[in-house]
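Bear in mind the structure is a predicted one, so any value in this text is a computation, not a measurement.
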Amino acid sequence: MTIKEFNNCVDLYSDGIYRFALKMLRNEELAQDNVQDSFEKLWVKHTGVDAAKAKSYLFTTSYNASIDTIRREKLKQGYLQQTNEHATYQPTNYDVSQVLSQAIEQLPDIQKSAILLRDYEGYSYEEIGEITGLNESQVKVYIYRARLFLKNYLVSIDNLI
Amino acid sequence: MNINRQNYESILIDYIDGLLNKDDSAKVERFLLMNPDIADEVEGIREATVPPTNTVFSNKNRLKKSLGEAMGINNSSDYLCIAELEGDISDHELRDLNTLSTQNPNVEKSRQQYRKTKLSAPTAITFVNKSELKRLSIIPIRLKTFRIATTAAATIALLVALYQPLNIEHTSSIAITNSAIGPKQSMPSNGNTPKATVTNETRSKTSTQTGRTQTNDSGVEPTASINKWESTNTKPVEPIKLLQPKMAIAPSVLASKLEIRNSNTSTQHTTIVQQTGGTREYTALGLAKNGLKRAVNFLGFDVQIEKNNEGKIKKIAVESSMLAFTTTRNKNER
């Protein structure tokens, strides 16, 4: 990968990675760091990475870094409390995207990653499998279960309002 | 293989199952002839074999699991709705789903709910610090290209260097020549119209064009012409003075005069800048170098020239916040 291709990747993928990291980490600073680290790692190996595989490489790096960060953050005080606050959140106005955002926060990390990569970036099961280190069937199962959860969440909120 | 009454049992099982080779089978048969009681035992075992039957289990379908169930989705309509959303649904599954939707309004409602679970990327959220992630380009250029670029830069620098001393001299001349005249507001209004004339200042200047010093009749060389007001019946006023000339312009520059040497009388391409008695003398190359230095400082470039042991230029590297390039004079020296 040339410098020009690398800089092109910055223009093309940094927004997507930032959105993915922001959803995963729920913290702007951590998401910014995640993007910086992902591109830094790509730069270190840019001579050995094909430009066509750069996006996958970046998302893989971002995903792994996000999981590490989440594990680290879970050890800190307040994380569980924050999660519980989200779990008990009940929107007063029925805004589908807002309700969905709340629902996604309650998905297990692996399901959340899979469905974000699927919907935000349009990745196939195989590509998500490459990024997350799962096989295709596992990815499919996680996405289906996530969809079921999201739909039930929407229905439950719908019933509340 | 040795067969006797102590070890015959395990060997006989293999014999009955047909697992022994020809020689071992012959040994077993000889042993059975010599031991008829054991031969009867073998016949009993053969008769006790249960023949296979063709009985089948008719409720296999009840035991089979659907793909949805394997995923933990027990309701088949849920599975079909998700499969439709994910683009995994087959033709016959789509027909089944359509049938279910028609028959059961709840299935159609559920279908609509699933469609709402499709996320859309929030494109309003963008990563703002892209420029920090980008890397500087290193452009290798040929020496010829570098020479052209530096020649162009030197030309511009020369123009800048020429402009600046002339501009300064013009400014300082006004301060001097105005000493005998009044300011504009003191011009007479009684019909004595001031007129503009061109006079020659008595400034010495050598010429590089001819190699000779040109002089006028009075023995002094005409130099830069300065317009000044010449009026009569005017009261002299205090001269206009530069308030803080040392702060505005460096003294050495103020005192400098543009003097370009005759190339016949001095070494060609010298870069000497001499300062004698408050007067700086620039050669053309020295002037260009000075201008180039100023231009480089102004533009924020960092120029590094690497020399070899012989003192010749080996490598030139130019770097700025926007661009960097490097070139070697001799490719063999890389």
Side-chain angles (χ1 to χ4, degrees), chain A residues 2-4 6-23 28 31-32 34-36 38-40 42-43 46 96-97 99-101 103-104 112 115-122 124-125 137-138 140-155 158, chain B residues 65-90 93 97 105-140 319 322-326:
Chain A
T2 63
I3 296 172
K4 188 179 176 184
F6 176 86
N7 289 340
N8 198 31
C9 284
V10 173
D11 287 331
L12 290 174
Y13 308 133
S14 60
D15 289 338
I17 291 168
Y18 179 62
R19 284 192 283 265
F20 173 72
L22 192 60
K23 275 288 176 190
E28 285 187 17
Q32 295 263 1
N34 183 289
V35 177
Q36 293 272 2
S38 300
F39 276 94
E40 192 59 41
L42 177 63
W43 174 250
H46 79 280
V96 174
S97 60
V99 173
L100 269 181
S101 292
I104 286 167
K112 184 160 69 169
I115 205 154
L116 286 175
L117 290 168
R118 179 79 170 166
D119 285 357
Y120 279 12
E121 299 301 323
S124 66
Y125 299 134
S137 300
Q138 287 173 310
K140 191 174 176 180
V141 169
Y142 284 132
I143 288 175
Y144 273 56
R145 286 180 184 171
R147 291 261 182 246
L148 183 65
F149 176 84
L150 294 177
K151 179 253 181 183
N152 289 337
Y153 192 91
L154 284 177
V155 171
D158 201 12
Chain B
K65 300 290 182 186
S66 68
L67 197 54
E69 286 175 307
M71 293 179 175
I73 302 167
N74 296 322
N75 190 329
S76 63
S77 66
D78 279 333
Y79 168 77
L80 292 174
C81 288
I82 298 170
E84 182 191 31
L85 187 68
E86 294 295 331
D88 298 333
I89 198 165
S90 64
E93 285 175 332
L97 179 61
N106 287 334
V107 174
E108 180 58 30
K109 191 178 176 183
S110 180
R111 207 173 173 180
Q112 298 297 330
Q113 291 283 3
Y114 273 113
R115 284 176 185 158
K116 289 178 185 173
T117 66
K118 193 82 176 174
L119 307 174
S120 57
T123 51
I125 299 173
T126 55
F127 186 71
V128 291
N129 300 326
K130 289 191 181 77
S131 58
E132 290 180 9
L133 299 176
K134 291 184 178 177
R135 304 287 166 165
L136 196 67
S137 297
I138 304 295
I139 309 164
E319 186 177 347
M322 293 179 66
L323 176 73
F325 62 84
T326 180

A.B. asks: A/Y125 and B/D88: side-chain donor and acceptor closer than 3.5 Å?
C.D. replies: yes
A.B. asks: Kindly check if the number of other-residue, nucleotide or ligand heavy atoms within 6.0 Å of CD (A/E28) is above 12?
C.D. replies: no
A.B. asks: Under a 4.5 Å heavy-atom cut-off, does chain B meet the side chain of A/E121, its backbone, both or neither?
C.D. replies: neither
A.B. asks: Which one, A/L22, A/L150, A/V35, leads in non-hydrogen pairs under 4.5 Å with chain B?
C.D. replies: A/V35
A.B. asks: Would you say the side chain of B/I125 lies within less than 4.5 Å of the side chain of A/D15, judging by non-hydrogen atoms?
C.D. replies: no
A.B. asks: Locate the shortest heavy-atom distance separating A/R147 from B/T117; write the atom from each residue and the value.
C.D. replies: NH1-O, 3.1 Å
A.B. asks: Hey, does A/R118 have a side-chain heavy atom less than 4.5 Å from the side chain of B/E86?
C.D. replies: yes
A.B. asks: Check whether A/L148 gets within reach of chain B through its side chain, its backbone, both or neither, counting any heavy atom under 4.5 Å.
C.D. replies: both
A.B. asks: Under 4.0 Å between a Lys/Arg side-chain N and an Asp/Glu carboxylate O for B/K118 and A/D119?
C.D. replies: yes
A.B. asks: For each of B/S131, B/C81, B/S120, B/G87, tally heavy-atom pairs with chain A at distances under 4.5 Å, and name the one with the top tally.
C.D. replies: B/S120
A.B. asks: What part of A/F6 gets closer than 4.5 Å to chain B, counting heavy atoms only: side chain, backbone, both or neither?
C.D. replies: side chain
A.B. asks: Report yes if the side chains of A/D11 and B/K134 come closer than 4.5 Å at any heavy-atom pair, otherwise no.
C.D. replies: yes
A.B. asks: If you define the side chain from C-beta out and look only at heavy atoms, does anything of B/E132 sit under 4.5 Å from A/Q36?
C.D. replies: yes
A.B. asks: Quick check: do B/F127 and A/R19 have side-chain heavy atoms less than 4.5 Å from each other?
C.D. replies: no
A.B. asks: Any idea which heavy atoms bring B/K130 and A/V10 closest together, and the distance?
C.D. replies: O-CG1, 3.5 Å
A.B. asks: Measuring from atom CZ of A/F39 to atom CG of B/N129, what distance do you get when rounded to the nearest 0.5 angstrom?
C.D. replies: 12.0 Å
A.B. asks: Pick one of side chain, backbone, both or neither for A/I17, based on which atoms fall under 4.5 Å of a heavy atom in chain B.
C.D. replies: neither
A.B. asks: With the side chain counted from C-beta on, respond yes when A/Y120 and B/P122 share a heavy-atom pair under 4.5 Å apart, and no when they do not.
C.D. replies: yes
